[in-house]
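Have a look at the structure below, then the notes.
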Amino acid sequence: HPARVATATLQHLEKKIQVISNRVNEADNVLHNSKTSNPEDQIRRDRQRREYAIMRSRVEDTKQVLERLRASWAADEESFWTRAQTSGANFAELANSKKIKEIAIAEEAAKAQDDLVYRC
């Protein structure tokens, strides 16, 4: 059922965002709290912290994608039920249109997750 697929995919994306965010933040905290007097280690640590900052930015970008997808899906759901109740449109056509939109949301959420995992 597409609605469940869309919902599950959005929830899975949210969980993946949280997992990656937690891992990046924990790793960055370890680096931040580490002490070194070796200049090469300091350079390496600073470089790694910059990479973690980039990863945090990517996580935030993916959070924005998630919120956009949720808003879009909620609007599509509301529109479907409004049209189903008020218009003389064919219910089967409306249901098919809704199914297509839900599949698109699920696919975009899955792509966002794949991109986040690949980039982080």
Side-chain angles (χ1 to χ4, degrees):
H1 188 270
R4 285 182 286 220
V5 170
T7 300
T9 307
L10 290 172
Q11 289 171 345
H12 194 259
L13 174 58
E14 181 177 34
K15 288 177 186 176
K16 186 59 76 172
I17 288 169
Q18 191 61 47
V19 165
I20 290 175
S21 179
N22 288 345
R23 287 180 182 168
V24 169
N25 289 333
E26 288 173 20
D28 190 39
N29 286 337
V30 168
L31 279 178
H32 178 72
N33 294 326
S34 67
K35 305 290 181 209
T36 181
S37 58
N38 183 338
E40 289 178 16
D41 289 342
Q42 180 67 35
I43 291 169
R44 221 179 348 264
R45 186 178 81 181
D46 291 345
R47 184 176 343 126
Q48 186 65 48
R49 291 204 66 216
R50 283 192 300 274
E51 289 175 15
Y52 288 143
I54 291 167
M55 288 181 200
R56 273 195 299 279
S57 175
R58 290 173 177 161
V59 167
E60 289 303 315
D61 292 346
T62 306
K63 284 181 184 178
Q64 291 176 2
V65 169
L66 173 61
E67 291 309 313
R68 180 183 54 78
L69 289 173
R70 280 188 172 150
S72 175
W73 189 49
D76 286 343
E77 285 275 287
E78 183 65 30
S79 172
F80 168 78
W81 292 112
T82 300
R83 288 183 299 156
Q85 293 172 354
T86 60
S87 76
N90 181 329
F91 187 77
E93 289 176 10
L94 285 174
N96 190 46
S97 173
K98 180 178 182 277
K99 178 180 173 181
I100 291 168
K101 288 179 182 179
E102 289 172 339
I103 290 170
I105 292 288
E107 288 175 350
E108 194 169 345
K111 182 185 180 316
Q113 178 178 316
D114 290 347
D115 289 348
L116 178 63
V117 169
Y118 176 75
R119 293 167 53 197
C120 290

Would you call [X] and [Y] a salt bridge, using N to O less than 4.0 angstrom?
X: Arg44; Y: Asp41; result: yes
X: Lys111; Y: Glu108; result: no
X: Lys63; Y: Glu60; result: yes

Exam field: side chain [X] to backbone [Y], donor-acceptor pair closer than 3.5 Å:
X: Asp28; Y: Val24; value: no
X: Ser34; Y: Leu31; value: yes
X: Asn29; Y: Asn25; value: yes
X: Thr9; Y: Val5; value: yes

Return the minimal non-hydrogen interatomic distance between [X] and [Y], and the atom names on each side.
X: Thr7; Y: Trp73; value: OG1-CH2, 2.7 Å
X: Ala6; Y: Glu102; value: CB-O, 3.7 Å
X: Ala112; Y: Thr62; value: O-CG2, 4.2 Å

Quiz item: Are Val117 and Tyr52 connected in a single hydrophobic cluster, I mean Ile/Leu/Val/Met/Phe/Trp/Tyr linked by side-chain heavy atoms less than 4.5 Å apart?
Solution: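 Yes, Tyr52 connects to Val117 through the hydrophobic network.
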Please round to the nearest 0.5 Å and tell me the distance separating atom [atom1] of [X] and atom [atom2] of [Y].
X: Leu66; Y: His12; atom1: CG; atom2: NE2; answer: 12.5 Å
X: Ile103; Y: Lys101; atom1: CD1; atom2: NZ; answer: 13.0 Å
X: Thr82; Y: Glu77; atom1: OG1; atom2: CD; answer: 11.0 Å
X: Cys120; Y: Arg56; atom1: SG; atom2: CZ; answer: 10.5 Å
X: Arg119; Y: Ser57; atom1: CZ; atom2: OG; answer: 8.0 Å
X: Arg70; Y: Leu10; atom1: CZ; atom2: CG; answer: 6.5 Å

Quiz prompt | Side chain proximity check, Asp76 to Lys98, heavy atoms < 4.5 angstrom | solution = no
Quiz item: Going by distance alone, is a donor N or O of one side chain under 3.5 Å from an acceptor N or O of the other, for Arg45 and Gln48?
Solution: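 No, Gln48 and Arg45 have no side-chain donor paired with an acceptor closer than 3.5 Å.
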Quiz item: With a cut-off of 6.0 Å (strictly less than), are more than 12 heavy atoms of other residues, nucleotides or ligands near CZ of Arg23?
Solution: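 Atom CZ in Arg23 is not crowded, with 12 or fewer foreign heavy atoms closer than 6.0 Å.
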